Amino acid sequence: MSAVETIPAQSTIEGVWTESSGVLWYGGEHLSLREVAAAMNAVGARFVTITAHQLSGPQALRLEYHWDMEGRLLGFAFPLEGKAMDSIFDICEAADWIEREVHEQFAVDFIGREYEPLLLRAGNKAGIYLREEVER
């Protein structure tokens, strides 16, 4: 990882950015997900996806949000406390499908939205990708 002093000119999110595997990761002061989404929309960044990572147990997750700005992929990581995260679907409509996927696959409840099933059948519980134990 290498520290990056600048990110694309239009970004309004200042702080420490680190490049890793072609992604510029924000590591500055704590921002809420909704603040990030609003700032990314304000500069015309395109929402790309959410990646969920299970950490040390079935209840520990980290969600990584990715936006494209001027051909650069910007990443923001949010540790998940409990099983709930704010929805950004009302700010970034492109988040609709992936929030529903993450809900079904990792049982994350996105606050402020309702769900239509994507892949789960009647009777299936959300969280089909959660492992009971994580190998270390």
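Note that the structure is predicted; figures quoted are calculated from it, not measured.
What you find for Val23 and Gly75 is that their closest heavy atoms are CG1-N, 3.8 Å. Nearest heavy-atom pair, Arg72 versus Gly22, reported as atom, atom and distance to 0.1 Å: NH2-O, 4.4 Å. Minimum interatomic distance between Val48 and Asp68 (heavy atoms only, all atoms of both residues): CG2-N, 3.6 Å. Taking all atoms of both residues into account, the shortest heavy-atom contact from Ala107 to Lys83 is O-CE, 3.6 Å.
A heavy-atom distance below 4.5 Å is found between the side chains of Met85 and Leu63. Put simply, the side chain of Val108 reaches to within 4.5 Å of the side chain of Leu80, judged on heavy atoms. When side chains are defined from C-beta on, His66 does not count as touching Leu74, because their heavy atoms never get closer than 4.5 Å. For the pair Leu120 and His103, the minimum side-chain heavy-atom distance is 4.5 Å or more. Looking only at side-chain heavy atoms (C-beta outward), Asn41 and Cys92 come within less than 4.5 Å of each other. Side chains of Trp17 and Glu14 form no contact here, defined as non-hydrogen atoms less than 4.5 Å apart. Annotation: side chain of Glu99 is not in contact with side chain of Glu104 (no heavy-atom distance under 4.5 Å).
A continuous path of Ile, Leu, Val, Met, Phe, Trp and Tyr side chains, each step under 4.5 Å between heavy atoms, connects Val43 with Val36, placing both in one hydrophobic cluster. Ile91 and Tyr26 end up in different hydrophobic clusters when Ile, Leu, Val, Met, Phe, Trp and Tyr side chains are linked at under 4.5 Å.
For Arg34 (side chain) and Ser87 (main-chain N/O), a donor-acceptor pair under 3.5 Å exists by modelled atom type. In this structure a side-chain-to-backbone donor-acceptor pair under 3.5 Å is missing from Gln105 to Val102.
Note that CD1 of Ile88 and CE of Met40 are 11.0 Å apart. Values are rounded to the nearest 0.5 Å. Interatomic distance, Asp86 CG to Ile111 CD1, rounded to the nearest 0.5 Å: 5.0 Å.
Between Tyr65 and Phe76, the distance from one ring center to the other does not fall under 6.0 angstrom. A ring-centre distance under 6.0 Å is not found for Phe89 and Phe110.
For Asp96, the salt bridge (charged side-chain N to carboxylate O under 4.0 Å, His left out) test picks out Arg100, Arg113, with sequence neighbours left out.
Pairs engaging residues 27-54 under the ring-ring contact (aromatic ring centres under 6.0 Å, His included) rule: Phe47-Trp67 [sequence neighbours left out].
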With side chain to side chain contact (heavy atoms under 4.5 Å, CB included) as the test, would you mind laying out the steps for Leu61 and Leu55 before giving the verdict? CA-CA 5 Å; Leu61 295 171; Leu55 302 174; 5.8 Å; no
Apply side chain to side chain contact (heavy atoms under 4.5 Å, CB included) to Glu64 and Trp25, showing your working. CA-CA 10 Å; Glu64 297 174 353; Trp25 290 97; 3.4 Å; yes
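Residues Trp97, Leu119 make up the rest of the hydrophobic cluster containing Leu118, defined by ILVMFWY side-chain heavy atoms closer than 4.5 Å, directly or through other members.
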